[in-house]
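Chain identifiers are assigned alphabetically (A, B, ...) following the order of the sequence lines, protein sequences preceding nucleic acid strands; residue numbering begins at 1 within each chain.
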Protein chains: 2
Amino acid sequence: MKQKAIELLNSVNLRQTQPRVAILTVLLKAPAPVTQEQIAEQIGDSAPNKTTIYRTLMNLVEKDLVHKAYLQERTWHFELAHHCGQHQCHPHFTCSECQQTQCLPEVSMPLVKLPKGYVMERQQVRIEGICCDCRENK
Amino acid sequence: MKQKAIELLNSVNLRQTQPRVAILTVLLKAPAPVTQEQIAEQIGDSAPNKTTIYRTLMNLVEKDLVHKAYLQERTWHFELAHHCGQHQCHPHFTCSECQQTQCLPEVSMPLVKLPKGYVMERQQVRIEGICCDCRENK
DNA sequence: TTTAATATGCAACTGAGTTGCAAAAACAGA
DNA sequence: TCTGTTTTTGCAACTCAGTTGCATATTAAA
Ligand SMILES: [Zn+2]
Ligand SMILES: [Zn+2]
Ligand SMILES: [Zn+2]
Ligand SMILES: [Zn+2]
């Protein structure tokens with residue numbers, strides 16, 4: 001994992017620093033989009049300052065290694081981009097009961113046909129509903 | 001417009017107050033999702049306090065007259081829900097150059113097939129790209 | 001090594017949305 | 001129309017997530 005993180009950094013010419021490796025390692029393991037705070041928690045005592053985490057995430061987004069996930073929440077969530085298609089990531093499902101968000105990586109959606117003259121860069125889909133667990137416990 | 005606003009309020013049993021009528025009137029006229037601040041600007045000097053605007057918008061969302069638009073921006077944007085389907089609103093296009101957002105009301109998308117046991121409440125699509133104007137002026 | 005370029009940590013700041021509470025407006029009943 | 005109760009509003013102070021400026025530390029190239 002750590003090795004993979006280092007490779008990713010090299011591949012986009014970002015200097016290999018402790019914070020970056022640690023943050024990328026968390027992202028590599030995460031099953032769903034994570035916040036700055038969750039990243040810090042995961043890393044534990046040696047976690048970088050929150051400013052550094054944000055700056056690192058923004059660097060990674062700029063290099064297109066990471067995407068900001070499209071959730072309707074106040075706090076930003078990030079995930080690795082390595083499984084996204086050129087113009088589309090997988091949809092995200094957020095349960096309106098328990099607020100948990102899940103990736104739906106296997107789903108693919110057609111791209112919206114834009115009006116003439118427009119260029120598509122990225123399409124994102126968000127779904128709100130009740131998750132399986134919450135539905136049963138009602 | 002104002003008349004229509006009053007009707008809408010009555011239809012969901014919300015008391016008819018000046019702020020609510022004014023805010024709904026702005027929403028009825030808006031061609032794209034608007035923020036608290038834009039609503040205040042539109043109303044002008046007699047605009048309600050921002051707390052009131054937020055509270056009103058949340059009331060209207062609760063009654064499903066209004067939806068919070070899912071744009072990847074820090075500030076919340078709202079629009080009338082009256083043209084949304086049961087499980088899906090129209091997609092929104094945001095230009096990464098000029099940051100303008102447009103509704104794409106005529107586009108319809110298939111609903112994602114959720115895993116067994118999940119309930120779909122609402123699906124939303126967001127598109128990022130370059131708008132026609134920005135593309136020409138480059 | 002040494003050095004120049006880049007990244008980090010810290011503390012103070014910003015801006016959007018929230019909270020608590022007293023004053024004002026809505027509306028139902030007399 | 002008046003009255004009383006309920007609901008809504010305005011204000012000021014607050015919160016929370018993310019940002020900024022700048023001094024210090026780290027990186028990696030020479
Ligand atoms: Zn749930
Ligand atoms: Zn995901
Ligand atoms: Zn544009
Ligand atoms: Zn719209």
Side-chain angles (χ1 to χ4, degrees), chain A residues 2 5-26 33-63 65-78 99 101, chain B residues 2 5-26 33-63 65-78 99 101:
Chain A
K2 187 177 164 188
I6 292 171
E7 278 168 35
L8 285 173
L9 287 173
N10 287 336
S11 76
V12 295
N13 288 315
L14 281 177
R15 287 189 176 186
Q16 186 191 129
T17 65
Q18 278 226 326
R20 282 177 181 162
V21 172
I23 292 165
L24 257 180
T25 304
V26 172
V34 288
T35 64
Q36 172 268 315
E37 207 172 341
Q38 292 171 322
I39 291 172
E41 272 167 27
Q42 291 269 329
I43 299 177
D45 290 342
S46 62
N49 184 277
K50 74 169 175 173
T51 308
T52 302
I53 299 181
Y54 280 120
R55 282 195 284 228
T56 298
L57 289 167
M58 291 187 291
N59 288 332
L60 296 170
V61 166
E62 210 167 301
K63 298 294 188 177
L65 286 184
V66 166
H67 285 160
K68 207 190 269 188
Y70 167 57
L71 313 178
Q72 181 64 344
E73 277 161 67
R74 213 181 205 323
T75 48
W76 296 354
H77 290 67
F78 297 86
Q99 309 303 322
T101 292
Chain B
K2 187 177 163 186
I6 291 171
E7 278 168 33
L8 285 173
L9 288 173
N10 288 336
S11 75
V12 295
N13 289 315
L14 280 177
R15 286 191 176 182
Q16 185 192 129
T17 66
Q18 279 227 323
R20 283 175 181 164
V21 173
I23 291 164
L24 257 181
T25 305
V26 171
V34 287
T35 64
Q36 173 269 316
E37 207 173 340
Q38 292 171 323
I39 291 172
E41 272 168 26
Q42 291 269 328
I43 299 176
D45 290 342
S46 61
N49 184 278
K50 75 169 175 173
T51 308
T52 302
I53 299 181
Y54 281 119
R55 283 195 284 229
T56 299
L57 289 167
M58 291 186 291
N59 287 333
L60 296 171
V61 167
E62 209 167 301
K63 299 293 189 178
L65 286 184
V66 166
H67 286 162
K68 206 192 269 189
Y70 291 77
L71 313 179
Q72 188 78 285
E73 278 163 64
R74 210 185 208 325
T75 48
W76 296 353
H77 289 67
F78 297 86
Q99 309 301 325
T101 291

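Between the CG atom of B:N13 and the P atom of C:dA26 there is a distance of 17 Å, given to the nearest Å. Atom CE in B:M58 sits roughly 12 Å away from atom C1' in C:dA16 (whole-Å rounding). B:Q18 has its CD atom 12 Å from the C1' atom of D:dT9, to the nearest Å. Atom OH in B:Y54 sits roughly 15 Å away from atom P in D:dG10 (whole-Å rounding). Atom CD of A:E37 is separated from atom C1' of D:dT15 by 14 Å (rounded to the nearest Å). One interatomic measurement links the two molecules: CD1 of A:I39 to C1' of D:dA17, which rounds to 14 Å at whole-angstrom precision. Spacing between atom NE2 of A:H77 and atom P of D:dG18 amounts to 9 Å, rounded to whole angstrom units. Rounded to an integer number of Å, the gap from B:I53 CD1 to D:dT8 C1' is 14 Å.
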Derivation of the side chain to side chain contact (heavy atoms under 4.5 Å, CB included) call for A:T35 and A:E73: CA-CA 11 Å; A:T35 64; A:E73 277 161 67; over 6 Å; no
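With hydrogens and angles ignored, a donor-acceptor pair under 3.5 angstrom links the side chain of B:R55 to the base of D:dG10. Within 3.5 Å, a donor on the side chain of B:R15 pairs with an acceptor on the base of D:dT6, or the reverse. Remark: the A:R74 side chain and the D:dG18 base include no donor-acceptor N/O pair separated by less than 3.5 Å.
Here B:R20 lies in heavy-atom contact (under 4.0 Å) with sugar-phosphate atoms only. Among the heavy atoms of the strands lying under 4.0 Å from B:T51 is at least one base atom, whether or not backbone atoms are also near. Heavy atoms of A:Q16 sit under 4.0 angstrom from primed sugar atoms or phosphate atoms, though from no base atom.
Remark: side-chain polar atoms of B:Y70 are not paired, donor with acceptor, to backbone N or O of A:Y70 under 3.5 angstrom.
Residue whose closest nucleotide on DNA chain D sits further toward the 5' end, between B:P19 and B:K50: B:P19.
Of all the heavy atoms in B:P19 and B:T52, the pair that sits closest is CB-CG2, 3.9 Å. Pairing each heavy atom of B:R20 with each of B:R15, the nearest pair is NH1-O, 3.0 Å.
When the nucleotides C:dT19, C:dG9, C:dA16 are ranked by their closest atom to the side chain of A:P48, C:dG9 comes out on top.
For D:dT27, the OP1/OP2 oxygens have no side-chain nitrogen or oxygen of A:T17 closer than 4.0 Å. For A:W76, no side-chain nitrogen or oxygen approaches OP1 or OP2 of D:dA17 to under 4.0 Å.
No more than 12 heavy-atom neighbours from other residues, nucleotides or ligands sit within 6.0 angstrom of CD on B:E37.
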